Amino acid sequence: MTGIQELLLSRIRDVPDYPEQGVTFKDITPLLADPAAFTALTDALADLAGTTGATKVVGLEARGFILGAPVAVRAGLGFIPVRKAGKLPGATLRQAYDLEYGSAEIEVHAEDLTPADRVLVVDDVLATGGTAEAAIRLIHRAGAEVAGVAVLMELGFLDGRSRLEQALRGAPLQALLQL
């Protein structure tokens with residue numbers, strides 16, 4: 001494990017039985033509250049943006065906003081929020097996806113992405129991959145290219161990576177921590 005991985009992992013708090021019995025929630029708020037850890041995380045994700053040749057960063061609601069916006073600033077790129085359906089004004093593209101119990105929809109402003117864009121999707125956790133897969137589909141529907149997906153941590157036991165492989169079309173999926 002590298003020094004940055006140790007730092008990041010030391011600032012993630014396990015919350016047992018949240019949001020329901022038997023689930024251990026990975027709370028990143030202690031990491032965000034630590035300026036050294038948050039800066040290290042932002043720098044690491046911005047470096048990944050640089051290696052992918054991204055022109056824009058998409059952040060997934062809600063913690064993807066917290067991570068994606070400073071990554072975009074640090075990397076000198078534009079930031080595009082992908083929101084829950086009904087939260088963006090104006091013309092949007094909408095994508096439905098399945099959840100464990102039911103379904104949800106996310107949206108992006110239609111004019112924020114162009115065919116000239118290479119987009120890095122940033123989020124805190126890759127779990128089952130449903131939201132990330134829907135965001136990738138939105139990016140493709142807007143005519144842009146997916147430069148990759150970058151997350152703070154991947155919960156490997158939920159196998160979200162395999163769900164994303166086809167949608168990524170060869171673009172990288174990079175997780176700073178594998179849990």
Side-chain angles (χ1 to χ4, degrees), residues 1-45 48-49 57-72 79-88 94-108 119-139 146 148-168 171-179:
M1 185 175 289
T2 66
I4 186 171
Q5 289 172 318
E6 288 177 10
L7 173 63
L8 297 175
L9 194 55
S10 74
R11 301 303 189 274
I12 297 170
R13 178 176 56 155
D14 284 348
V15 180
D17 299 322
Y18 183 83
E20 60 186 53
Q21 189 73 25
V23 173
T24 299
F25 183 77
K26 299 294 187 184
D27 181 13
I28 68 167
T29 58
L31 188 157
L32 299 173
D34 180 328
F38 193 21
T39 298
L41 172 59
T42 300
D43 288 346
L45 292 173
L48 293 177
V57 171
V58 154
L60 304 181
E61 189 163 343
R63 288 180 298 270
F65 297 172
I66 297 167
L67 303 183
V71 166
F79 176 76
I80 311 296
V82 169
R83 305 240 22 216
K84 294 175 184 170
K87 300 289 184 181
L88 292 172
R94 183 177 288 196
Q95 182 68 47
Y97 63 101
D98 291 329
L99 298 168
E100 188 174 350
Y101 302 104
S103 64
E105 293 181 313
I106 56 173
E107 293 180 327
V108 67
V119 182
L120 179 67
V121 177
V122 172
D123 205 3
D124 64 329
V125 176
L126 175 63
T128 63
T131 308
E133 181 184 33
I136 290 166
R137 294 193 188 292
L138 274 178
I139 293 164
V146 175
V149 173
V151 296
L152 165 59
M153 62 187 133
E154 177 180 355
L155 305 179
F157 63 94
L158 293 174
D159 204 25
R161 182 175 290 267
S162 67
R163 182 175 185 166
L164 297 183
E165 285 176 351
Q166 184 177 3
L168 279 167
L173 167 57
Q174 299 170 336
L176 298 177
L177 300 172
Q178 300 275 342
L179 306 177

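All residue numbers refer to positions in the sequence shown, counting from 1. Keep in mind that this is a model prediction, so the values were computed, not measured.
- Heavy atoms only, all atoms of each residue included: Ala150 and Leu45 are closest at CB-CD2, 3.9 Å.
- For the residue pair Glu133 and Leu164, the shortest heavy atom distance occurs at N-CD2, 3.4 Å.
- No donor-acceptor distance shorter than 3.5 angstrom exists from the side chain of Thr39 to the backbone of Ala36, with no hydrogens or angles considered.
- Remark: Thr42 OG1 to Leu67 CG distance equals 7.0 Å, nearest 0.5 Å.
- Put simply, the side chain of Glu154 does not reach to within 4.5 Å of the side chain of Leu179, judged on heavy atoms.
- Within the structure, salt bridge (Lys or Arg N to Asp or Glu O under 4.0 Å) contacts touching residues 30-42 (residues at least two apart or in different chains) are Arg11-Asp34.
- In plain terms, the two heavy atoms of Ser103 and Asp98 that are nearest each other are CB-OD1, 4.0 Å.
- Classification of Glu165 and Arg161 as a salt-bridged pair fails, no side-chain N sitting under 4.0 Å from a carboxylate O.
- Taking every heavy atom of both residues into account, Ile106 and Thr131 meet most closely at CD1-O, 4.0 Å.
- Here NZ of Lys84 is found 5.0 Å from CD of Glu61. Values are rounded to the nearest 0.5 Å.
- You'll find the side chain of Thr128 stays beyond 4.5 Å of the side chain of Tyr97, heavy atoms only.
- Put simply, CD on Glu105 and CD on Gln95 are 9.0 Å apart, with the number rounded to the nearest 0.5 Å.
- The side-chain contact (heavy atoms from CB on, under 4.5 Å) test with Val108 singles out one residue from Val58, Val119, Leu138, and that residue is Leu138.
- Scanning both residues, Val146 and Ala171, for their nearest heavy atoms gives O-CB, 3.4 Å.
- Leu177 contributes atom CG, which lies 8.5 Å from atom CG of Leu41 (distance to the nearest 0.5 angstrom).
- Rounding to the nearest 0.5 Å gives a distance of 9.0 Å between CG of Leu60 and CG of Asp124.
- Considering Asp123, Leu126, Ile12 as possible partners of Leu152, the one that fulfils the side-chain contact (heavy atoms from CB on, under 4.5 Å) test is Ile12.
- For Phe79 against Ala72, the heavy-atom pair with the smallest separation is CB-CB, 3.8 Å.
- Remark: Asp159 pairs with Ser162 by the side-chain hydrogen bond (donor to acceptor under 3.5 Å, both in side chains) rule, at least two apart or across chains.
- Val149 places a side-chain heavy atom less than 4.5 Å from the side chain of Ile136.
- In this structure, the side chains of Arg13 and Thr29 come closer than 4.5 Å at one or more pairs of heavy atoms.
- Contact annotation: the side chain of Ile139 never approaches that of Val82 to less than 4.5 Å [non-hydrogen atoms, C-beta and beyond].
- A distance-only check finds a donor-acceptor pair linking the side chain of Asp17 to the backbone of Gly22 [under 3.5 Å].
- Residue Asp14 holds its CG atom at 10.5 Å from CZ of Phe25, rounded to the nearest 0.5 Å.
- A salt bridge is absent between Glu107 and Arg83: the closest approach of a Lys/Arg side-chain nitrogen to an acidic carboxylate oxygen does not fall below 4.0 angstrom.
- Judged as a side chain to side chain contact (heavy atoms under 4.5 Å, CB included), and not counting sequence neighbours, the contacts of Gln174 are Leu48, Pro172.
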